[in-house]
Structures are given as C-alpha cells and as structure tokens.
Colleague: 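There's a structure below that I have some questions on.
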Amino acid sequence: MIRNPSLRDLPLGIQQKYIIVTSNYVARQHGVTKLMSVSDAKEKCPQLVLVNGEDLTCYREMSYKVTDLLMSHCPLVERLGFDENFVDVTELVESRLKETPLSALSFVGHIYNQETSAVSAKDYPRLAIGSHIAAELRDAVHTKLGLTGCAGIASNKLLAKLVSGAFKPNQQTTLLPECTVTLMHSLSGLRRVPGVGPRTAQRLQALGLHSVSDLQLFPLVDLVKEFGEAHAKRIQNLARGIDVSMVTPTGPPQSLSDEDSFKKMSTMAEVSQKIEELLASLIDRMHKDGRQPMTFRLTIRRLSTANKWFNRESRQCPIPSFLSQKIALGSSDVLTHLVTVAVKLFHKLVDTSEAFHLTLINVCFCNLQSRSVSRGSIASFFSHKPPQKPQSSSRHTGPPSPRQPISPTPTQSHGRRGGSDYSVEERTGASRSPKTSGLEEGAFPRLPPDVDPDVFKVLPQHIQEELLSNFQTERSGIPSVLTTDLEDQTGFSHIFPEPLKRASQSVRSEERGAVCREYDAGSSREDGNEFSVPQDPVGMRVEHDNSSKSVTSNSVSGADFPHNVDPCVFSQLPADMQRELLSEWRQQKPIFKMPSRPSGTGGASRDKKTKGPQTNNLLKYFKPS
DNA sequence: CTGGGGTCCT
DNA sequence: AGGACCC
C-alpha cells in the first residue's frame, strides 16, 4: 500500500504460493483471514487484489528501518519477526519520572479493562510515562516511515505483547498490574499464550489441560514430569502472566537465508538451477551486509505422504575462507564456487541414483563474522582504541544498509550498543553466575533500607511474603513494559506487513519494562491509534503493520524462582516488585550478541549464552584446547 | 492448497 | 542436525 497508495481502499491480499499470508483491513472486512488459501479468499472476496509477497526484500528493509528508528529513541530493542519489536523503556521512564511532577502525569491511549479517564496516573507513574513514550514511538514511526500499528505497555514482554492486541487497528493499550489476571483469563486457550506452540499445546491437552487456568492450577510436579523443570516452570509462569525474560537487543541478524517451495522437483538440472538462483540473491544480500559467513547450510523438504508437516533435512559445512572473503568483497565468480559447495551438500542429503521428489530448497549463511580490523589479532582485545569496525555496520539495517566498507560507518552510529567489546566485557564480566539455588545471597532485592537482608532471608517464607507485599504497596514505582502492535493498512500485518510496524520501549534500571509494538503499513490516515503506558512496570511491544520488530529479553538461564518463593504469591506482587525481585536473583545485564567469536571487534552482541561468571570474558580466548 | 523468513535449545 | 518457538 505504501508503494502503491491506490490500493489503499481496495481489499488487498499478500500472496505467497497458494495462500494469502496477510491482508489489509478492507479485505478482512470481507472475511479474508490470515493464512487462508487463495481459492477460499477469492470466494469470500472476489474483488480481492493480490500482490505477490514471496520476495521479502522490501518488508525486510522496512522492518529494519522501524527497528533502527526505535533504537534511535531507546537502544534496548528486540525484534520478533519482521513486524514486531519489544522496547525496554525502563531507563527512559525513570529519567522522565525524576523530572516530572506527579501532578503532571497522564495516560494516553487505552487502559486494559478500565476507563482511561477513571485511572489516576499518579498511581501508576511509570506506566503513564510509558504510555506517552509508546505514543511518541508510534508517531515517529508513522511520520518518518508512514506505518501505523499498535503498542502494548506492560511490565514484561508477554504482557506487553498480549495487551497490544486489545484495541486493534492502530491503537495502544496499557496493562495495569491488577488487570493481569483478567488479561490472562481472557485468552481462549493455551495456544494463545506466546511461547506455547502447537507441540506444547498438544502435550498439555494430553494432560487434560485446555485453558490458561488449567495450566495455572496444574501441579508443577506433574508438569515437570512431562516437560522437565525449566520448560515446565516457564510455561506455567507464562500462564500466570509472569515472564522473566529480558528485552535482549537483537543486533544484526545471526543468519541470512533464502528459500523457495514448489510442487515438485526431481532432477539434478532443476536442483542446481534453483540453488544457483537462490544463492545469487543470498550472496548479494550477504555482500550488502558486509560480514563474512563462515558456514553454509542447505536444507530440503521432501514430498512425504506421511508426516507431511515439517520434515526438513539439512547439511552444513564450513565455507573456505577464500570464498567467504570474496562474498564480502562482492566478487563475481563466487556464485559458481558456492553452487559447487551446495551441490556437494545436496548429494549428502539425496541419493540421486534413486528417484526423489523435493518440495523446498533453502540456502543459508550463518556464523557471520564481522570482518575486521586488524586481522583479528587477539591483541586488539587489549588495545585501548576501539576496534575499527564494531560489529559490522551500525545496525545492519538489513539489506538496506549501505554496507560499510571498511571504515567505521560514520552515519548511523547508534549502532550496536556497547559498540565496542569493552562494554560487553564490562557487563558480562560483572555478572555473577545465576546461582541456581537462588535465594541465598541477596536474593531479595530491594528490601527497605532498614531491613537487613541477612535477617530477612531467614524469616519464615510467609513472613517474608507478607513483608514484601506490604512493601510493595509503599513503593509505587515500578518498571513497566509496553508493547505495541501496529496493523498495517495495506493488509500485511502479520506475516509480513507491507509497511512496517512497531516500536517499543522498556525500562531499565532496577526495574525493567518492555514495550512492543506492531505497525501496519500504511501511511494513511486510517484509524486513530493510541498508546498506553504501563504503570509501574513498564514495557512496550510494538508491531508494524507489515514489517515489525520486537524487542525481547532473553530469558536468563537460571531464571527460576528461589525455591522458597511461591509463584502464586509472586504473581500477585506488583509488577515492578516482581521485576525487581527477578532482576536481583538473576543478575541481569542486557548484553548484545557477540557476533562470532573471532575477530572480536564486534561488539557487543548477543552472547547470551554466557551464563556463568566466566563465560564471556577474555579467558575463553586462551583456553588450552 | 501452509510462506518465507527468523530465534534459541537440545 | 533437528526441534521447538515466533512472526
């Protein structure tokens, strides 16, 4: 719709192969739904205009523009697909709170299950500020990129995401902590809980669990038997509206892939041609990215009568270094070489002396390394000068980014947070191990100054809980998470919106919040929208209509509650209190992903896996083996 | 007649 | 290498 505004008022569907992957609101009014077959859609809406959406390039570019724009307001942005972003606006909220008199606070947008005019912003200062931040982000996305979308503001990513859809096209909603229970109960089934996919839902159903309350009340012990401790606790917490994962800045992509599906492919000639076609575009994208892929993977799907659904098989191999350099440089003869590599992998997958019937081929570059600086000398780790090229381009604005040559990219500097590895090092180095048992140490965060934590922790659990809950009422401040979801006007929203999507924010500091939004496409004036901000906990999630981004935080590995904390009690605590508690007993510090080990100049990137104290420090570069 | 992407965990 | 999840 953005590319062709004349389509704005017509029913529009985005088509991939035989299905309508998404549509605009006009088409939806005619009964066109999300993953509907083209034939069904045409039946419901004969005038439906179709646009082929198999090439994701423009959606990907828009998507990164949204993420970049959000990052320019608040660095902690996590993408979720192309059209959603979570933004942890905790710090922004805290700093605004300091300079804002309570009397000047207000909410903008909807408040879940409440009348906005009936809620006192002074009672939820952080969420109120979060609602304004969400509104600003949505407005920035609309005026600068022409996309509309929704936002949700809440104390964690789960809640921000769920509440973002409360008021649908182009509006925003804030979740007050006391409405969490209502929100969760409003979900029609367990499958509606983000994080509970088809497989998990099926296994839960086998246990007799269908609704959110079924899962909330199911004995954890029994759940652990089916799913293991980590998964069991996680999904049960999700059912209660508890999400301990952090908004993890996404950074540049970890992999780039291109694929095509078809009804039948059964000759080598077709296969090598398809591989060449896919590789040509993938190499081009990789070149624009500027990093060097160290690994290549080929994936196929065979026609399978049985087990129709998701049988994919893959083989991967290292990319010869001369080739990966040529890819980054944009050499022209790279294609042929890579096709050769891919065909070799293909023969590991398929015995071509027998008949075969493929329905999909995918080519993927992963293990992406920033090329960098001084030949990746380990010495660069000790240099006081920042590496020349921190992680590739600033934001890998996906394909769009102008690919930075070797020089530090001057413009778009807001790139990788942490930029250099120094900051990563500092942060991770400081983190202590998650502590599996939990509570002993200072697990209880923020006790009032006059309470000695050593004394507190030896109190009976119910006394602790009572103290904590009293406590909670005293301190009103809390982190908030906001999520926004923008639906696109062009009709693309979900899968890939044409336009983009959202923005979000969350709060950091002791408390954190996340915001998520989704944007729709469309620059048009369509519906009005709103944003809402969460109160204490602040978080937002934003989605754009077509492309979207989301910010999320990584769930920390050791994210269990201390064993003496009852999750049911915990879930009743104010969101900000929950966040504080959680952030203390897993000492979270947001960290970027580490590009790949090597040249290290890259900066901070994901590195999630560093769990313990040690993992991500320089020592790993010296490990003996 | 269910895309074309992505992520992380095991 | 596969499986789960997300959009």
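Lettering of chains follows the sequences in order, A, B, ..., and the numbering in each one begins at 1.
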Colleague: Return the nearest nucleotide to the side chain of A:E259; candidates are B:dG3, C:dC5, B:dG5.
Modeller: B:dG5
Colleague: Tell me which nucleotide among C:dC6, B:dG5, C:dA1 gets nearest to the side chain of A:D258.
Modeller: B:dG5
Colleague: Taking everything shown except A:Q273 itself, do over 12 heavy atoms lie less than 6.0 Å from its CD?
Modeller: no
Colleague: Round to the nearest Å and state the distance from A:L158 atom CG to C:dC5 atom P.
Modeller: 15 Å
Colleague: Could you tell me the separation between the NZ atom of A:K263 and the NE2 atom of A:H357, rounded to the nearest 0.5 Å?
Modeller: 10.0 Å
Colleague: Measure the spacing between CD1 of A:I327 and NE2 of A:H287 and express it to the nearest 0.5 Å.
Modeller: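 That separation rounds to 10.5 Å.
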Colleague: Report yes if at least one side-chain N or O of A:S261 is closer than 4.0 Å to OP1 or OP2 of B:dG4; otherwise report no.
Modeller: yes
Colleague: Would you please confirm or rule out a distance under 4.0 Å between OP1 or OP2 of B:dG4 and any side-chain N or O of A:K17?
Modeller: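 Checking A:K17 against B:dG4: at least one side-chain N or O falls below 4.0 Å of OP1 or OP2.
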Colleague: Give A:R203 one of three labels, base, sugar-phosphate or nothing, depending on what nucleic acid heavy atoms sit under 4.0 Å from its own.
Modeller: nothing
Colleague: Quick check against the 3.5 Å criterion: does A:D214 have a side-chain atom that pairs as donor or acceptor with the backbone of A:S211?
Modeller: yes
Colleague: Ignoring backbone atoms, establish whether A:R191 has a side-chain N or O less than 4.0 Å from OP1 or OP2 of C:dC6.
Modeller: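 Yes, within the criterion.
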Colleague: I need the CD1-C1' distance between A:I14 and B:dG4, as an integer number of Å.
Modeller: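 Checked: the CD1 to C1' distance equals 14 Å.
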Colleague: Can you tell which of B:dG3, B:dG5, C:dC6 lies closest to the side chain of A:R285?
Modeller: B:dG5
Colleague: When you get a sec, tell me which of C:dC7, B:dG3, C:dC5 is the closest nucleotide to the side chain of A:L35?
Modeller: B:dG3
Colleague: Relative to the 5' end of DNA chain B, which residue comes earlier, A:K263 or A:L360, by the nucleotide with the nearest heavy atom?
Modeller: A:K263
Colleague: Looking at A:T200, does any N or O in its side chain come under 4.0 Å of the phosphate oxygens OP1/OP2 on C:dA4?
Modeller: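 No, because none of the side-chain N or O atoms of A:T200 sits under 4.0 Å from OP1 or OP2 of C:dA4.
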Colleague: Between P on B:dG5 and CZ on A:R297, what's the gap in Å once rounded to a whole number?
Modeller: 14 Å
Colleague: How long is the line joining NZ of A:K161 and C1' of C:dC6, in whole Å?
Modeller: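 Value for this atom pair: 6 Å.
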Colleague: Could you work out which one of B:dC1, B:dG5, B:dT2 sits closest to the side chain of A:S39?
Modeller: B:dC1
Colleague: At 4.0 Å (heavy atoms only), tell me whether A:R315 reaches a base, stays on the sugar-phosphate, or touches nothing.
Modeller: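 Contact class for A:R315: sugar-phosphate only.
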Colleague: Report yes if a side-chain nitrogen or oxygen of A:R60 is closer than 4.0 Å to either non-bridging phosphate oxygen (OP1 or OP2) of B:dG6; otherwise report no.
Modeller: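 Yes, because at least one side-chain N or O of A:R60 sits under 4.0 Å from OP1 or OP2 of B:dG6.
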Colleague: In whole angstrom, give the distance that lies between atom CG of A:L256 and atom C1' of B:dG6.
Modeller: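 One finds 10 Å between C1' of B:dG6 and CG of A:L256, rounded.
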Colleague: Taking atom P of B:dC8 as reference, at what distance in whole Å does atom NZ of A:K157 sit?
Modeller: 11 Å
Colleague: Looking at DNA chain C, which of residues 273-283 of chain A put a heavy atom within less than 4.0 Å of it?
Modeller: none
Colleague: Give one of base, sugar-phosphate or nothing for A:E54, where a contact means two heavy atoms less than 4.0 Å apart.
Modeller: sugar-phosphate
Colleague: Between CZ of A:R28 and CG of A:L12, what distance do you get to the nearest 0.5 Å?
Modeller: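 Those atoms lie 10.5 Å apart.
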Colleague: In Å and rounded to the nearest 0.5 Å, what is the CG to CG distance from A:L238 to A:L187?
Modeller: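 It is 11.0 Å, given to the nearest 0.5 Å.
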Colleague: Can you tell me, in whole Å, how much space there is between the C1' of C:dC6 and that of B:dT2?
Modeller: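 It works out to 16 Å between them.
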Colleague: Please state how far atom CE in A:M286 lies from atom P in B:dG6, giving the value in whole angstrom units.
Modeller: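 Going from CE in A:M286 over to P in B:dG6 covers 11 Å.
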Colleague: Would a distance-only check, ignoring hydrogens and angles, find a side-chain to backbone donor-acceptor pair under 3.5 Å from A:Q369 to A:Q292?
Modeller: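 No.
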Colleague: In this structure, how many angstroms lie between the P atom of B:dT2 and the CG atom of A:N311, rounded?
Modeller: 14 Å
Colleague: Kindly say if A:S257 contacts the phosphate of B:dG6, meaning a side-chain N or O under 4.0 Å from OP1 or OP2.
Modeller: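 Affirmative; the distance criterion is met.
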Colleague: Counting heavy atoms from C-beta on, name the nucleotide in B:dG4, C:dA4, B:dG3 closest to the side chain of A:V21.
Modeller: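 Selected nucleotide: B:dG3.
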Colleague: Donor-acceptor check, side chain of A:E229 to backbone of A:V224, threshold 3.5 angstrom: yes or no?
Modeller: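 The answer is no, because no donor-acceptor pair under 3.5 Å joins these two groups.
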Colleague: Identify the residue among A:R312, A:R301, A:K17 that makes a salt bridge (Lys or Arg N to Asp or Glu O under 4.0 Å) with A:E259.
Modeller: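 By the salt bridge (Lys or Arg N to Asp or Glu O under 4.0 Å) criterion, A:E259 pairs with just one of A:R312, A:R301, A:K17: A:R312.
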Colleague: Out of B:dT7, B:dG4, B:dG6, which has the shortest distance to the side chain of A:Q16?
Modeller: B:dG4
Colleague: Which nucleotide, B:dC1, B:dC8, C:dA1, lies nearest any side-chain atom of A:Q254?
Modeller: B:dC8
Colleague: Which part of the nucleic acid, if any, lies within contact of A:V196, taking any heavy atom under 4.0 Å across all strands shown: a base, the sugar-phosphate backbone alone, or nothing?
Modeller: sugar-phosphate
Colleague: Taking the side chain of A:S314 as heavy atoms from C-beta outward, which of C:dA1, C:dC6, B:dT7 is closest to it?
Modeller: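 From the listed options, C:dA1 comes nearest.
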Colleague: Taking salt bridge (charged side-chain N to carboxylate O under 4.0 Å, His left out) as the definition, give me every residue that meets it alongside A:D55, ordered by chain and number, with sequence neighbours left out.
Modeller: none
Colleague: Give one of base, sugar-phosphate or nothing for A:D55, where a contact means two heavy atoms less than 4.0 Å apart.
Modeller: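 No contact.
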Colleague: Nearest to the A:E313 side chain among B:dG4, C:dG2, B:dG6, which nucleotide is it?
Modeller: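 Comparing B:dG4, C:dG2, B:dG6 against the side chain of A:E313, the answer is C:dG2.
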